[in-house]
Number of protein chains: 2
Amino acid sequence: MPRGEARGDGSTAPRGVDVARLAGVSQKTVSRVFNAEQYVSAEARRRVLEAAEALGYRMNNAARALASGRTRTIGVVTLGTALYGPASLLIGVERAARDAGYALRVVNTLEGDPGGVAGAVESLLEQGVDGIVVSEPIDEGAEGALSLSTDVPVLVLGAPAAFGGPRAVSAGVGAEALARAATEHLLELGHVTVHHLAGPQRWFAARDRLEGWRAALAARGRQQPSVIEGDWSAASGYAAGRDLASAGDLTAVFAANDDMAVGLIRALADAGLRVPADVSVVGFDDIPVSAYVTPPLTTVRQPFDSVAHEGLRLLVQAIEKPDAEPAPANDPPVELVVRASTAPPPARKTPARERHTATRARGATHAPPTEGEPPATH
Amino acid sequence: MPRGEARGDGSTAPRGVDVARLAGVSQKTVSRVFNAEQYVSAEARRRVLEAAEALGYRMNNAARALASGRTRTIGVVTLGTALYGPASLLIGVERAARDAGYALRVVNTLEGDPGGVAGAVESLLEQGVDGIVVSEPIDEGAEGALSLSTDVPVLVLGAPAAFGGPRAVSAGVGAEALARAATEHLLELGHVTVHHLAGPQRWFAARDRLEGWRAALAARGRQQPSVIEGDWSAASGYAAGRDLASAGDLTAVFAANDDMAVGLIRALADAGLRVPADVSVVGFDDIPVSAYVTPPLTTVRQPFDSVAHEGLRLLVQAIEKPDAEPAPANDPPVELVVRASTAPPPARKTPARERHTATRARGATHAPPTEGEPPATH
DNA sequence: TTGAAAGCGCTAACAA
DNA sequence: TTGTTAGCGCTTTCAA
């Protein structure tokens, strides 16, 4: 296709030389101006910018990429799901990439797609990217590991760096610490132990939360009830709640995400158990509605934004200064949001009714209650 | 930077000529094979593919784009928010683009960013895209309209095509029809009128829902209560619920999204009003938890996937066959999900208590109750 | 069915 | 501080 035909108006998109001619300089000087290189006189710069403006010049990125070998683009592999976590992380990555001067290419993997991540990475490599972000990957077994030669730096978000190949870097939301904080909150309220409604264990994110829960119980020498595994959905939380309701010793549950927590709470209510009077529940994510469900959900908030920025800093460093020592990642903040779904356990053998007005335990924990929320009724 | 240095192993990425040499053909034949052009002998094709495999050849997209003037990439402008609607639409667009053989570049606009959409479009144009999708834009007034010469076809999702410039095409989720169905559902249950908790009116999506609500009331000659405007958040729904609770004649509310509906229901409960015994509430979106909140939320489901595919079909046609008449868009399906937050209005002046066990009205509407959900208690 | 030659619009390396 | 000269790895055009 001849130059500029895509414009559809028969004319031709202006090129660097067109600007140069109008400005009375060489094409290279135009290039210098648009790359903000030094050694351009103020006068030349002014004339170039003026000419470019007059012509409506826009640099051709394909030509730039071909000549320079760099695309100034980062590719993202993410899961094709509207789940709050992955969606929020993608937004953080976009912003961080733009702040760092990179554009974004996005490829979704479909869960259950065999070799999905590897295929997605391959397609990004073909499209041309300077670096790749693998966001919240799922462990697909041996094939999942990116043993393929990646050619470009890889950042793994929410999974071990090893997942991204030998030279990958990684950053995480600190899910284990968050899960530990959530569990400790329940223990501090006086619960003897805490049950765990886990996410699907093929997800690294789910495993980290399980580990944090384990660690919190182990640190206090508490017994670890058997784990129920859900699939992140409220429906699976509901099913789990049905099972748990029949466990006689149930007083506290840590759910691996808020959706499951909501389903769980509903199942408990349907079984005649009150939250938090009979059973306390902590979620994970702080989804937008969590402050307004019944009861308002105590949960843990993931630092998506800081993790995305931190991760991209590492990735960009790996791209631009491959030989520099990768700066160690900082531990992300732990933010527990205490609302009304947690309370001290009911007194032993006391009929539930008598504890209906039990005082909420507040303020004993890591973060103040969120502002602007409704009064915690019930 | 010399060829292949990005590999870091000192070697050079193989090019088409390298493959050609090994296969004993010309570089042009390699190009033909990888573009699936005709007029390549089976024998030549086999040898080329073999050589490419042996060398680990991957075509250079920048070179292809430079030579052909086409990038095989579509740019998406979307809102940097994890709101369920926009996030779901983005996923649909990614899948549809890939199905059509296009890669995706993504740029987020930040709400309140002046000229955000225009700036995002400009940046996509610089990056090089064959077409642009503007997803769920916000009306930013005169500056918002993409009067700029876009050079490439534009698809506007969820707003009038005019928003995208003179030659833009558009597709929508049929929000007006969905809102009308939601409102009609309430009227059919016997409510005299329906209040509306609207989304921010700078969003086209919010306006469409308002219009649908208006149309449903107007069609039956019902009075239109004054509209309350929220900001999509559950907090704003809660605030609206507080106000509405004091309106004496309140029996039904249509909320412009599920988050607000959840906040609204909570405020009503805090004010001593029961849902659905005293007040019925319909939401919009069918977010993942909506079947498990208390009470399970009657809502409306947006056909993100079919709209994304339909829209991309139009966009790709505009890219590849600019002269063809754009096929008219089909009306997307209307899917009302009836759960337990809607019921007939309470009998006049009857104390609420007496209606506590009112039978749910089911099956009178447009879609069967969703499968796999919990029994509708309360 | 295949190949040779001429760019695509830019950057890199070097010279002035 | 500026310009010149070669490519970058493909597609296009035309000839064989």
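Convention: sequence-line order gives letters A, B, ...; per-chain numbering from 1.
When rounded to the nearest whole Å, the span between CE of Met59(B) and P of dC8(D) equals 18 Å. The separation between Tyr57(B) atom OH and dG9(D) atom C1' is 7 Å, rounded to whole Å. dA15(D) atom C1' lies 14 Å from atom NZ of Lys28(B), rounded to whole Å. Atom CZ in Arg70(A) sits about 18 Å away from atom P in dC10(C), given to the nearest Å. Here dT2(C) presents its P atom at 19 Å from CZ of Arg21(B), a figure rounded to the nearest Å. Atom P of nucleotide dT11(D) and atom CG of Leu66(B) are separated by 11 Å, given to the nearest angstrom. Counting to the nearest Å, the C1' atom of dT1(D) and the CZ atom of Arg47(A) are 13 Å from each other. The distance from atom CZ of Arg45(A) to atom P of dT1(D) is 10 Å, rounded to the nearest whole Å.
In this structure, Arg64(A) does not reach the dC10(C) phosphate: none of its side-chain N or O atoms is under 4.0 Å from OP1 or OP2. Regarding contacts with the backbone of dC8(C), every side-chain N or O of Asn60(A) stays at 4.0 angstrom or more from both OP1 and OP2. For Tyr39(A), no side-chain nitrogen or oxygen approaches OP1 or OP2 of dG3(D) to under 4.0 Å. Phosphate proximity of dC8(C) to Ser68(B): absent, as no side-chain N or O sits under 4.0 Å from OP1 or OP2. Look at Ser41(A) and you'll find a side-chain N or O under 4.0 angstrom from OP1 or OP2 of dT2(D).
Across all strands shown, Phe34(B) has no heavy atoms under 4.0 Å from either base or sugar-phosphate atoms. Here Val17(B) lies out of heavy-atom contact (under 4.0 Å) with every strand. Heavy atoms of Asn61(A) sit nowhere under 4.0 angstrom from any nucleic acid atom. Gln38(B) comes within contact range of no nucleotide atom at all, as no heavy-atom separation falls under 4.0 Å. Ala44(A) comes within 4.0 angstrom of sugar-phosphate atoms only, judged by non-hydrogen atoms across all strands, and of no base.
Residue Glu53(A) places its CD atom among 12 or fewer non-hydrogen atoms of other residues, nucleotides or ligands, all under 6.0 Å distant.
Of the two residues contacting DNA chain D, namely Ser31(B) and Val25(A), the nearest-nucleotide position lying further toward the 5' end is that of Val25(A). Comparing Arg32(B) and Ala63(B) along DNA chain C, the residue whose closest nucleotide (by nearest heavy atom) sits nearer the 5' end is Arg32(B).
Note that the CG atom of Leu315(A) and the CD atom of Glu320(A) stand 9.5 Å from one another [nearest 0.5 Å]. Rounding to the nearest 0.5 angstrom, the gap separating the CG atom in Asn108(A) from the OG1 atom in Thr78(A) is 6.0 Å.
You'll find that the side chain of Val40(A) is closest to dT2(D), out of dT2(D), dC10(C), dG9(C). Of the candidates dT2(D), dC10(D), dT11(C), dC10(D) carries the atom nearest the Gln27(B) side chain, counting heavy atoms from C-beta on.
Using modelled atom types, no side-chain atom of Asp130(B) and backbone atom of Ile74(B) make a donor-acceptor pair closer than 3.5 Å. Arg32(B) places no side-chain N or O within donor-acceptor distance of the main-chain N or O of Glu37(B), the cut-off being under 3.5 Å. A donor-acceptor pair is defined here as one N or O able to donate and one able to accept, closer than 3.5 Å; such a pair exists between the side chain of Thr73(A) and the backbone of Thr71(A).
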